[in-house]
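Because only heavy atoms are used, hydrogens play no part in the values below, and waters and symmetry mates are left out as well, while side chains stay in. Here, residue 1 is the first one in the sequence, and each next residue gets the next number. Both counts, for ligands and for their atoms, begin at 1 and track the order of listing.
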Amino acid sequence: MKKLKVMSVFGTRPEAIKMAPLALELGSRPEIESLICVTAQHRQMLDSVMDCFGLTADYDLNIMGRNQTLTDVTVRALKGLEDCFKTAQPDLVLVHGDTSTTFSASLAAFYAKIPVGHVEAGLRTYDRYSPYPEEMNRCLVGRLATLHFAPTARNAENLRAEAVTGEVFITGNTVIDAMKYTIGDGSFNSDELKNVNFSKKVIAMTCHRRENYGEPMQNIFSAVKDIAQRHPEAEFVYPIHMSPIVRDAAHGILDGQDNVRLIEPLDAMDMHRLMSRSYMVMTDSGGLQEEAPSLGKPVLVLRRETERPEAVEAGTVRLSGVVKEDIVRDAELLLTDADAYDAMAKAVNPYGDGNACRRIADAILYNAGLKEARPDEFRI
Ligand code: UD1
Ligand code: UDP
């Protein structure tokens, strides 16, 4: 029997973390030939994830440049993928989420008339500039794809309201599957984490988004400095994204503050373990908003909006925004009011149950006529 050739394309750290367990699942299916193409929109941060999950790319476009623009990434990925698809001739291309790699891969596959499956489909803020450019990327990918793997029922409703072409499956988010690999025994690889005093109120933080560049990011870092100065019992651990814009902003405001540890990006295992041992999380990342609630850690989101309202509604995530005073107020409440903290520190899993990859692989086979039954749906 000829195998179904499924090529997963990804390029950045979060795509890799969320596609890794799926690539492993696809590789375990006898009906599927699983291929990986990385654009390497991120180089070091991508390689770290590949190492963590023991994955090797079949094709590596190696496109990253320092301070790359959105156009740089899109053009390089589009051209590289045209050639890659011509050589590999996949039956189906899988993309993830909403990055420039995601959009370019979907467009390149469409140009080559190869069907596209979109993993983590249907997240929306309905604000085309926030997150920027991700909201537009995922809307465009929604038009290009014909298989849509929506993490939640709400994401699926969004897609149906847009009358997307093809099939929508509710699968849960593969990030919850990824955590089955990463949490392990909780021990750290990074020496910097081995020195953290976890008897303090450790705040795991990240901040990198383009729409926060400039004033919002300065507000966020000033708030962190303020909180750190007022609360010596707290300790921030902030693995800084490799973007030079983010690094300069963070070091400029936070260098010299004793209880703010600015460290190198962590591998996925260490990051998940850091969160699981922290008091709370402050972030503008999408992935952390999904991971921390499953660990029972309160999350303050350093953005004006979120495409992930499920955990806000469950009460474990609060949208703090990008105004300094608002961030300081929300963080101080969690640091000083035990009842407020306890109300947020409960484990909820609105984003998945650890079976998303199994459902996606089954849906692919069902869609190809290689499996009779439609997969079950993820329900909260
Ligand atoms: C990208 C995604 C964003 C995602 C984020 C995850 C787009 C438009 N944005 O944004 O959706 O949330 O990744 O982190 O696709 N760099 C390195 N080494 C690395 C990674 C990055 O040096 O391993 C530096 C490079 O100088 C690069 C810069 O970071 O030019 C920015 O990377 P880029 O992928 O363009 O943007 P992100 O902000 O990472
Ligand atoms: N992450 C990591 N090391 C770090 C910071 C984050 O492994 O130093 C993980 C994090 O746990 C999550 C993913 O990277 O799984 C989120 O990626 P990122 O914040 O780069 O992008 P976003 O989620 O905002 O798209």
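- Here's the thing with D98: none of its N/O atoms is less than 3.5 angstrom from an N/O atom of ligand 1.
- Salt-bridge formation is not detected for the pair D326/R318: no Lys NZ or Arg NE/NH1/NH2 atom is positioned less than 4.0 Å from an Asp or Glu carboxylate oxygen.
- Of all the atoms in ligand 1, the ones that sit under 4.0 Å from a non-hydrogen atom of E134 are 2 (C), 3 (C), 9 (N), 11 (O).
- Side-chain contact between L70 and R210: present, with at least one pair of heavy atoms (C-beta onward) separated by less than 4.5 Å.
- The protein heavy atom nearest to atom 24 (C) of ligand 1 is M242 O, 3.6 Å.
- For M45, no nitrogen or oxygen atom sits less than 3.5 Å from a nitrogen or oxygen atom of ligand 2, counting backbone and side chain alike.
- The protein heavy-atom contact nearest to atom 38 (O) of ligand 1 is Y213 OH, 3.8 Å.
- Short contacts between ligand 1 and G65, defined as distances under 4.0 Å to a heavy atom of the residue, involve ligand atoms 25 (C), 26 (O), 27 (C), 30 (O).
- Between E135 and R138 there is a salt bridge, with a side-chain nitrogen of the basic residue lying less than 4.0 Å from a carboxylate oxygen of the acidic one.
- Near P239, meaning under 4.0 Å from any of its heavy atoms, are these atoms of ligand 2: 8 (O).
- Taking only nitrogen or oxygen atoms, main chain and side chain alike, R66 does not reach within less than 3.5 Å of ligand 1.
- Listed for the R261 side chain is no donor-acceptor partner under 3.5 Å among the backbone atoms of E235.
- The aromatic rings of H208 and H241 sit parallel to each other, their planes meeting at less than 30°, with 60° as the upper class boundary.
- Of the protein's non-hydrogen atoms, the one nearest atom 8 (C) of ligand 1 is S100 OG, 3.2 Å.
- Of the heavy atoms in L288, only side-chain atoms (C-beta onward) come closer than 4.0 Å to ligand 2.
- With distances taken over non-hydrogen atoms, the option nearest atom 37 (P) of ligand 1 out of H42, Q68, M64 is H42.
- Remark: ligand 1 and R13 share no N or O pair separated by less than 3.5 Å (distance only, no angle test).
- Under 4.0 angstrom from ligand 1, the non-hydrogen atoms of P133 all belong to its side chain.
- Backbone and side-chain nitrogen or oxygen atoms of R210 are examined, and one is located within less than 3.5 angstrom of a nitrogen or oxygen of ligand 1.
- Between the side chains of T99 and T102, at least one donor N or O sits under 3.5 Å from an acceptor N or O.
- In this structure, the protein non-hydrogen atom closest to atom 25 (O) of ligand 2 is P14 CG, 3.4 Å.
- Under 3.5 Å, the side chains of Q289 and T306 contain a donor-acceptor pair of N or O atoms.
- Using a 4.0 Å cut-off between charged side-chain N and carboxylate O, D72 and R66 make no salt bridge.
- Among the atoms of D284, none of the N or O lies under 3.5 angstrom from an N or O of ligand 2.
- Checked by atom type, the side-chain pair T152/N155 shows a donor-acceptor distance below 3.5 Å.
- Residue T12 places no N or O, backbone or side chain, under 3.5 Å from any N or O of ligand 1.
- Counting heavy atoms closer than 4.0 Å to ligand 2, residue R209 contributes side-chain atoms (C-beta onward) but none from N, CA, C or O.
- Side chain of N173 to backbone of G352: no donor-acceptor contact under 3.5 angstrom is found.
- L26 is listed as a side-chain neighbour of I32, based on a closest heavy-atom distance under 4.5 Å.
- Taking all heavy atoms of R247, Q41, R209 into account, the minimum distance to atom 15 (O) of ligand 1 is reached by Q41.
- Residue contacts with ligand 2: G287 is placed with a nitrogen or oxygen under 3.5 Å of a nitrogen or oxygen of the ligand (distance criterion only).
- Side chains of Q257 and D255: no donor on one and acceptor on the other come within 3.5 Å.
- In this structure, atom 20 (O) of ligand 2 lies nearest to the protein heavy atom R13 NH2, 2.9 Å.
- Distances from ligand 2 to the non-hydrogen atoms of E264 include no value under 4.0 Å.
- Atoms of ligand 1 lying under 4.0 Å from any heavy atom of S243, numbered from 1 in the order shown and given with element: 24 (C), 28 (C), 29 (O).
- Close N/O approach between H272 and ligand 2 is found [any backbone or side-chain N/O within under 3.5 Å].
- Those atoms of ligand 1 with a heavy atom of M45 less than 4.0 angstrom away are 19 (C), 20 (C), 23 (O).
- Residue-to-ligand polar distances keep T206 apart from ligand 2: every N/O pair is separated by 3.5 Å or more.
- Residues R43 and D60 are paired through a salt bridge, judged by an N-O separation under 4.0 Å between the basic side chain and the carboxylate.
- With a heavy-atom cut-off of 4.0 Å, K18 does not touch ligand 2 at all.
- Contacts with ligand 1 closer than 4.0 Å are made by backbone heavy atoms (N, CA, C, O) of N67 only, the side chain lying farther away.
- At a threshold of 4.0 Å, the pair E31-R29 does not count as salt-bridged, since none of the basic side-chain nitrogens sits closer than that to a carboxylate oxygen.
- R359 and D362 are not joined by a salt bridge, as no carboxylate oxygen comes within less than 4.0 angstrom of a charged side-chain nitrogen.
- Q68 is not listed as a side-chain neighbour of S100, based on a closest heavy-atom distance of 4.5 Å or more.
- When non-hydrogen atoms are compared, ligand 1 lies under 4.0 Å from the side chain of P244 (C-beta onward) but not from its backbone.
- Close approach of ligand 1 to L70 is summarised as follows: ligand atoms under 4.0 Å from at least one heavy atom of the residue are 8 (C).
- The protein heavy atom nearest to atom 16 (C) of ligand 2 is S285 OG, 3.7 Å.
- Residue contacts with ligand 1: H241 is placed with a nitrogen or oxygen under 3.5 Å of a nitrogen or oxygen of the ligand (distance criterion only).
- In this structure, a donor-acceptor pair under 3.5 Å is present between the side chains of T283 and T206.
- What sits closest to atom 1 (N) of ligand 2 on the protein, heavy atoms only, is M271 CG, 3.5 Å.
- Between K113 and F85 there is no side-chain heavy-atom pair separated by less than 4.5 Å.
- At a threshold of 4.5 Å between non-hydrogen side-chain atoms, the residues L147 and F169 count as touching.
- Looking at heavy atoms from C-beta onward, E157 lies out of side-chain contact with R160 at the 4.5 angstrom threshold.
- Atom numbering of ligand 2 starts at 1 in the shown order; those under 4.0 Å from a heavy atom of I17 are 7 (O), 9 (C), 13 (C), 14 (O), 15 (O).
- Within ligand 1, the atoms closer than 4.0 Å to a non-hydrogen atom of Q44 are 17 (C), 18 (N), 19 (C), 22 (O), 23 (O), numbered from 1 in the order shown.
- Across M242, R303, E291, heavy-atom proximity to atom 12 (C) of ligand 2 is greatest for E291.
- Per-residue contacts place H208 under 4.0 angstrom from the following atoms of ligand 1 (heavy atoms of the residue considered): 4 (C), 5 (C), 6 (C), 12 (O), 14 (O).
- Of the protein's non-hydrogen atoms, the one nearest atom 3 (N) of ligand 2 is L266 O, 2.8 Å.
- Side-chain N/O atoms of E305 and T125 include no donor and acceptor closer than 3.5 Å.
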